[in-house]
Amino acid sequence: MSQSTSLRRHLGGLTLGALLLGPSLAAAEDAAYEAPVHNGCVLEAYTQCPGADLAGADLANLELHGADFSGADLTGADLRHANLRGVNLEGADLRGANLNRARMINANLRGADLSQASLVGLESWNLFGQGASFDGADLTGANLEFGRLTKASFRDATLHGAKLEMAWMNRTDMRGADLRDANLQEAKLSMSRLDHADLSGARLHYGNFQLVQMQGCTACPVDWMD
């Protein structure tokens, strides 16, 4: 037998062995994985931690879809790139939290406080955020399309390039907000506040600005009813 033939058979045996061992190794790794725990809350999908103390917790990159964190203290928590699909954060305190690039599709943020939070590139299609506070938050490039944001507050928030198409934002406070280049197509903003906001370059097609206050607003559709 030639040396090259022997080498090929040896390598082939190694490859076959790796293929046979691969699934078992993966299963062993899955079995060995233990979800992190913070103050008694197991940080995994569908966990039930209402009212938990998660202030400053590291939840970055975790799979937390379907979890219940209603009323929880998440001030200053790191939630970057976390999967928060369908998560219940109603009434939660997320002041100063980092949610950059997190996924919050169909999440519940009703009455939550996200003041001064960072939500850059947030993916939150169909978000339920009625009465939530985003005052001073950074939502640059965030996707809030179809969001339910009635009576929410975005005072002095940064929404540069944010997607707000078809969002329900009636009676929303957006005084001083940076909405440059945002997409507000078909957004419902009746009876909202846009005083001193900046809408330069924003897409406003078919938006509803009925009874909106626009004093000192830059590029607001002041002739909307004409």
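- Counting non-hydrogen atoms of other residues, nucleotides and ligands closer than 6.0 Å to CZ of Arg95 gives a total of 12 or fewer.
- Checking side-chain atoms of Asn98 against main-chain N and O of Asn100 turns up a donor-acceptor pair under 3.5 Å.
- Note that CG of Leu144 and CE of Met104 are 10.0 Å apart. Values are rounded to the nearest 0.5 Å.
- The backbone N or O of Arg171 sits less than 3.5 Å from a side-chain atom of Ser192, completing a donor-acceptor pair.
- Annotation: Arg148, atom CZ; neighbour count of heavy atoms from other residues, nucleotides and ligands within 6.0 Å is above 12.
- The OG atom of Ser70 lies 8.5 Å from the CD atom of Gln48; values are rounded to the nearest 0.5 Å.
- For the atom pair CG (Asn83) and CD (Glu63), the distance works out to 4.5 Å, reported to the nearest 0.5 Å.
- For the residue pair Val42 and Ala35, the shortest heavy atom distance occurs at CG1-CB, 3.8 Å.
- Leu119 and Phe128 fall into different hydrophobic clusters, defined by Ile, Leu, Val, Met, Phe, Trp and Tyr side-chain heavy atoms under 4.5 Å apart, directly or through other members.
- Annotation: side chain of Leu194 is in contact with side chain of Leu179 (closest heavy-atom distance under 4.5 Å).
- Thr172 places a side-chain N or O within 3.5 Å of a backbone atom of Leu149 that can act as its donor or acceptor partner.
- Minimum interatomic distance between Ser115 and Ser133 (heavy atoms only, all atoms of both residues): OG-OG, 3.1 Å.
- Atom CZ in Arg103 sits 14.5 Å away from atom CG in Leu79 (nearest 0.5 Å).
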Note to self: Run Asp135 and Ser153 through side chain to side chain donor-acceptor pair (under 3.5 Å) and show every step you take.
What the structure shows: CA-CA 6 Å; Asp135 293 347; Ser153 181; 2.5 Å; yes
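- Note that CZ of Arg110 is 6.0 Å distant from CD of Glu90, once rounded to the nearest 0.5 Å.
- Connection of Met166 to Ile105 is established within a shared hydrophobic cluster, with ILVMFWY side chains joined at heavy-atom distances below 4.5 Å, either directly or through further cluster members.
- Ring-plane geometry between Phe154 and Phe134 is classed as parallel, the angle between the planes falling under 30 degrees on a 0 to 90 degree scale with a further cut at 60.
- Atoms CG and SG, on Leu204 and Cys220 in that order, are 8.0 Å from each other to the nearest 0.5 Å.
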